[in-house]
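Below: one structure, written as structure tokens.
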Amino acid sequence: TLCMDGAPLARLDGRPCRMAQHTLSVHLPAAMTEPQIEISVDTAGTVRLHAVSLLPADHTDGLRPDAVAALRSLSLSALRFPGGCYAEVYPWKDGLLPPDLRPPIRTDLYDGDFLLRDTYGYDPFDTDIDAFMRLCAAVGAQPELTLPLIRLPLDDAADLVEYCRGGTDTPFGALRAERGHPAPYPVHEWYIGNEVYYFGGEMAQDGALAAEKTAALIRRVRAVDPDARLVLGFCAHRPEWTRAYLQRVGHLADRLSLHFYQTNEVDKNFGRVTDAERAAVLADAFLPELARAEALVRELGLTDVPFSLDEWAYSWGEPGSPQSMITDTQLLLWLMQNADAHHIAKALYFHPVNEGLIRVGPQTTVPDLTGEVFCMASALRGRPRLSCSADGLPAAAAVQGEDGAVLVMTASVDRTADTPVRFSSPLFGGGARVTLRQLIARADGTCEERVTTGTANEGFYLYPGAAALAVIRPED
């Protein structure tokens with residue numbers, strides 16, 4: 001019997017030694033925020049529960065509509081799946097089974113439980129490849145996939161490419177069509193493994209061995225999709241491994257993957273990064289690391305292969321904070337203004353859900369701090385870029401807006417005092433009208449918005465730790 005708060009809802013009848021699936025709808029009054037759901041057995045015997053799932057009636061592939069809407073509001077250009085590190089333990093073929101019959105995913109490739117610590121050490125496997133493609137379509141993002149290289153069979157990786165890109169005359173392309181999608185999925189960017197230089201076992205010790213397996217997988221991918229764009233990872237902190245690897249397979253890459261975090265739980269500085277270090281993240285951390293990567297690429301003769309900064313953030317594995325917002329905003333502004341000059345073809349923030357961009361709670365989904373900044377920055381997307389100096393601030397980005405307006409985005413890195421800022425350009429005079437919108441991080445992870453207006457020659461103040469967007473309209 002299925003009960004809610006002690007009241008019977010339904011009686012579920014089963015046959016001996018037979019599995020049966022039961023589905024029913026329950027209406028929960030709005031005032032009932034924490035109902036108690038109970039399943040009781042009325043007769044003697046043993047009952048095995050394979051899976052119990054409680055989902056809102058308007059869910060899509062197990063995702064709440066408010067979470068999907070929050071992702072859509074970010075105007076994401078691409079989503080990468082299933083990781084990250086998770087790609088190396090994700091058995092995509094199990095996702096072809098009905099959700100309730102999929103074996104749970106456990107991770108024993110990595111030390112500790114950092115991948116699944118919030119879900120009791122396993123993943124119930126709600127999201128399969130088809131569901132991910134539907135999510136990308138729903139939020140307007142280009143789907144990108146990481147192919148496992150470390151432990152799962154190469155056949156599985158090659159079959160995934162065929163499932164997504166193969167024609168209906170191929171075994172897995174035909175299977176995709178049978179499952180409701182005859183046309184190939186629009187996956188054009190493929191990541192070959194993830195951080196093999198750290199987690200690849202024998203391959204992490206031997207770049208030549210990693211290159212041999214990479215080349216074998218690339219041959220399989222190209223056989224299915226000759227136009228696939230392939231992203232290969234390397235590590236500037238491990239130059240000998242990188243040389244052995246890229247000397248053999250660098251010429252096969254369409255992008256070279258870079259990852260950057262100012263801190264994370266496996267780094268020695270975790271929990272000890274100061275406000276001064278966050279304020280100087282560009283000069284003291286990111287730009288030196290980028291310079292090491294650029295030097296290695298020049299040495300290996302691969303300067304024609306652009307970078308893919310496909311993991312970047314202040315940290316991973318924790319929600320946004322006023323501290324992380326300072327680092328994330330500086331990195332975002334620098335990338336918007338300078339990526340082309342450093343041959344960075346693309347950049348992907350890691351990770352959007354509950355780690356910086358949106359917070360999905362038991363009842364609601366709200367923007368996280370960096371998500372608010374991303375939404376602010378969307379006003380600059382696709383517009384002609386202008387040269388810009390930050391007038392003493394670490395980073396700024398500027399574009400030409402509509403009706404002759406100039407849009408400038410910048411940020412304060414001082415969390416203790418206001419920061420003076422003045423806007424000037426040959427495109428407008430001191431009498432230009434300025435509307436300055438500021439996002440101020442609160443300690444509880446929310447943002448306060450303040451708007452001030454004035455003229456360019458008056459000058460303005462940025463609130464402590466604020467991200468700011470100025471819309472500057474020249475005098476009539």
Side-chain angles (χ1 to χ4, degrees), residues 28-35 54-81 84 116-119 126-127 131-132 134-141 261 264 278 311-333 348-381 409 411-412 415 437-451 462-469:
L28 299 181
M32 186 179 290
T33 58
E34 296 183 0
L54 183 64
L55 296 169
D58 55 355
H59 78 91
T60 301
D61 296 312
L63 299 175
R64 293 202 321 247
D66 59 312
V68 175
L71 285 173
R72 188 187 306 115
S73 72
L74 296 172
S75 301
L76 302 175
S77 57
L79 282 174
R80 182 170 63 129
F81 184 77
L116 299 174
R117 60 187 170 200
D118 295 322
T119 53
D126 290 323
T127 304
F132 172 68
R134 289 190 289 269
L135 173 63
C136 288
V139 303
Y261 302 97
N264 62 76
R278 280 182 281 269
E311 289 188 23
W312 70 268
Y314 171 69
S315 183
W316 51 257
E318 54 186 353
S321 66
Q323 293 83 356
S324 66
M325 178 176 160
I326 288 176
T327 289
D328 288 345
T329 304
Q330 290 181 78
L331 290 169
L332 176 63
L333 292 174
L348 277 75
Y349 184 84
F350 191 95
H351 182 286
V353 180
N354 289 346
E355 295 185 23
L357 297 190
I358 65 172
R359 293 192 188 208
V360 181
Q363 304 294 331
T364 60
T365 299
V366 297
D368 210 332
L369 293 173
T370 299
E372 296 274 18
V373 175
F374 266 57
C375 290
M376 173 180 276
S378 66
L380 282 67
R381 176 176 288 177
M409 188 169 173
S412 165
R415 293 204 306 127
R437 175 186 168 215
Q438 298 193 56
L439 297 175
I440 307 158
R442 296 191 183 105
D444 64 359
T446 62
C447 268
E448 176 186 353
E449 181 175 327
R450 297 184 186 177
V451 178
L462 300 184
Y463 293 103
L469 175 65

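What you are looking at is a predicted structure, and each value in this text was computed from that prediction instead of being measured. Just so you know, these numbers use all the heavy atoms, side chains as well, and skip hydrogens, waters and symmetry mates.
- For the pair V68 and A138, the tightest heavy-atom approach, listed with the atom from each and the gap, is CG1-CB, 4.0 Å.
- A search for side-chain hydrogen bond (donor to acceptor under 3.5 Å, both in side chains) contacts involving T365 returns R64, D66, not counting sequence neighbours.
- Of the inter-residue distances, the one linking N354 atom CG with R359 atom CZ reads 8.0 Å to the nearest 0.5 angstrom.
- Residues L79 and C136 approach most closely at CB-SG, 4.1 Å, considering heavy atoms.
- Every residue two or more places apart in sequence or in another chain that forms a salt bridge (charged side-chain N to carboxylate O under 4.0 Å, His left out) with D61 is listed here: R134.
- The CG atom of L63 lies 8.5 Å from the CG atom of L71; values are rounded to the nearest 0.5 Å.
- Going from atom CG of L380 over to atom CG of L469 covers 6.0 Å, rounded to the nearest 0.5 Å.
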- Message: What verdict does the side chain to side chain contact (heavy atoms under 4.5 Å, CB included) test give for T370 and T329, after you've listed the backbone C-alpha separation in whole Å, the side-chain angles of each residue and the deciding distance to 0.1 Å?
- Response: CA-CA 7 Å; T370 299; T329 304; 5.8 Å; no

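- Rounded to the nearest 0.5 angstrom, L333 CG and M409 CE are separated by 5.0 Å.
- Taking each heavy atom of V360 and A67 in turn, the nearest pair found is CG2-CB, 4.2 Å.
- For Q323, the side-chain hydrogen bond (donor to acceptor under 3.5 Å, both in side chains) partners at least two apart in sequence or on another chain are S321.
- One finds the CG atom of D368 at 10.0 Å from the OG1 atom of T446 (value rounded to the nearest 0.5 Å).
- With a 4.5 Å cut-off on side-chain heavy atoms, V139 and L74 do not count as touching.
- Shown here for A377 and L332, the closest heavy-atom pair between the two residues is CB-CD2, 3.9 Å.
- The side-chain heavy atoms of E311 and R80, taken from C-beta on, include a pair separated by under 4.5 Å.
- For the pair A441 and M325, the tightest heavy-atom approach, listed with the atom from each and the gap, is CB-SD, 3.6 Å.
- Taking the six-membered ring where the residue is Trp, the centroids of Y349 and W312 are separated by under 6.0 Å.
- Rounding to the nearest 0.5 angstrom, the gap separating the CD atom in E448 from the CZ atom in R442 is 5.0 Å.
- Looking at S378, its side chain does come within 3.5 Å of a backbone N or O of C375 through a donor-acceptor pair.
- Taking R278 as the reference, D275, Y314 meet the side-chain hydrogen bond (donor to acceptor under 3.5 Å, both in side chains) condition, with sequence neighbours excluded.
- Counting only heavy atoms from C-beta outward, the side chains of P352 and I358 never approach each other to under 4.5 Å.
- Closest non-hydrogen pair, A466 versus Q438, comes out as CB-OE1, 3.5 Å.
- Taking the side-chain hydrogen bond (donor to acceptor under 3.5 Å, both in side chains) definition, one finds that D58 meets it with nothing, sequence neighbours left out.
- Qualifying salt bridge (charged side-chain N to carboxylate O under 4.0 Å, His left out) partners for R72, counting only residues two or more places apart in sequence or in other chains: none.
- Of the possible polar contacts, none joining the R437 side chain to the M376 backbone as a donor-acceptor pair under 3.5 Å is found.
- At a threshold of 4.5 Å between non-hydrogen side-chain atoms, the residues W316 and H351 do not count as touching.
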